[in-house]
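Protein chains get the first letters and strands the later ones, always in sequence-line order, with residue 1 at the start of each. Excluded from the calculations below are hydrogen atoms, water molecules and symmetry mates; all remaining heavy atoms, backbone and side chain alike, are included.
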Number of protein chains: 2
Amino acid sequence: MTRPSVTTPDALAQRLAHSGLRSTPQREVIYDVLLKKRDHPTADEVYARVRSDMPSISLATVYNCLETLVQCDLVRAVNFERGPTRYCPNLRPHAHFHDEQSGSTHDIDLPPDLLEKVSAVLPPGYDAKSVEITFRGKALPSTEPKAAANK
Amino acid sequence: MTRPSVTTPDALAQRLAHSGLRSTPQREVIYDVLLKKRDHPTADEVYARVRSDMPSISLATVYNCLETLVQCDLVRAVNFERGPTRYCPNLRPHAHFHDEQSGSTHDIDLPPDLLEKVSAVLPPGYDAKSVEITFRGKALPSTEPKAAANK
DNA sequence: AGTGATAATTAGAATTATTCTAAATGATGA
DNA sequence: TCATCATTTAGAATAATTCTAATTATCACT
């Protein structure tokens, strides 16, 4: 046979290729883990989850792959104070709400014009490439993330 | 004598007392350092500056005092990604602009209603105690902080 | 002024998250 | 198949911060 029916490159493979990078089993399983449970896991948490699928993966690879996904704009790295970096596959414009009681992080979708409106406070001479909005406080249990939608 | 003319407690001493804490030479000199050069120094930088006044101070004390000042709401701790925590004595509502070239941090004063407007995007069930807005990008040299006003 | 209780400071060890290094493995294309 | 380059890996190294336990300073009372 000349070519065994080419699998259509998925979004991940395409994005990676666009940056001259390869799709690898490690990158795929890590990205899947992030999509499956969108609770802003740390690298350690991702490591733990990935290991059930791929017990031989190393923590260094988890760090490497997460960094790669961030570079490709498939994932956002999120920080609260000096806590460990958390990873978020939600690409829509959104803010983060950090619940101080539970430690959980909630995505807050933003109306389309808000980031522009906020950026408008910058005096001349400032050119912002990104804006981050972070809330800290108390969230009612009813707000606990259920089935996050993306896409 | 019954009482040697009491020195009027300054803002620092009052704030500390309000939290049941004492004013100490270390706390004073650290707060002064922050007020004198408002370039969002790290704990290490504060340590270096304070040592010219008080060569015997320890780094642990610098961390302790900075934390104390933050607890008393005299100073804000500011973080960018996972970089070292920076300290800012500007108590007005403001955002931070992080210049990627120079690594410098600029305070961006916010119009009085902006934080409320931003908080208005929170769905019911979310009660935010604080809102943080951070810009990242390029700032023209003309925007380099000169003499920051506070008060 | 002396004394006990509490607060603050200190040096150095410990911790935590992350990055680095150098070697091994894997994929790609001539 | 071979050479090349990308990727993964284990473990060492790093950086910022926190912790620990001991010392020093201050306060409230007498």
Nucleic acid footprint by protein, nucleotides 4-18 of chain C - heavy-atom cut-off 4.0 Å, B for base, S for sugar-phosphate alone: --BSSSBB-----SB
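One interatomic measurement links the two molecules: CD of Glu67(A) to C1' of dT8(D), which rounds to 16 Å at whole-angstrom precision.
Closest heavy-atom contact between Pro41(B) and Val46(B): CG-CG2, 3.7 Å.
For residues 62-72 of chain B, the set of pairs meeting the salt bridge (charged side-chain N to carboxylate O under 4.0 Å, His left out) definition, not counting sequence neighbours, is empty. Judged as a ring pair (Phe, Tyr, Trp, His ring centres under 6.0 Å), the pairs with a partner in residues 33-87 of chain B (not counting sequence neighbours) are, in order, His40(B)-His96(B), Phe80(B)-His98(B). Pairs of residues two or more places apart, or lying in two chains, never qualify as salt bridge (charged side-chain N to carboxylate O under 4.0 Å, His left out) while including a residue from residues 14-34 of chain A.
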Pairs of donor and acceptor atoms involving the side chains of residues 130-138 of chain B, under 3.5 Å and at least two apart or interchain, shall be tabulated with distances.
{"residue": "Arg136(B)", "atom": "NE", "partner": "Glu81(B)", "partner atom": "OE2", "Å": "3.4"}
{"residue": "Arg136(B)", "atom": "NH2", "partner": "Glu81(B)", "partner atom": "OE2", "Å": "3.3"}

Pairs under 3.5 angstrom only: tabulate donor-acceptor contacts from the side chains of residues 114-121 of chain A to other protein residues two or more places apart or in another chain.
{"residue": "Lys117(A)", "atom": "NZ", "partner": "Asp113(A)", "partner atom": "OD2", "Å": "3.2"}
{"residue": "Ser119(A)", "atom": "OG", "partner": "Leu115(A)", "partner atom": "O", "Å": "2.8"}

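For the helix from dA1(C)-dT30(D) to dA30(C)-dT1(D), the end axes, each set by the C1' atoms of five terminal pairs, are bent relative to each other by 20° (nearest 10°).
Evaluation of the salt bridge (Lys or Arg N to Asp or Glu O under 4.0 Å) rule for Lys36(B) yields no partner, not counting sequence neighbours. Residues passing the ring-ring contact (aromatic ring centres under 6.0 Å, His included) test with Tyr31(A), sequence neighbours excluded: none.
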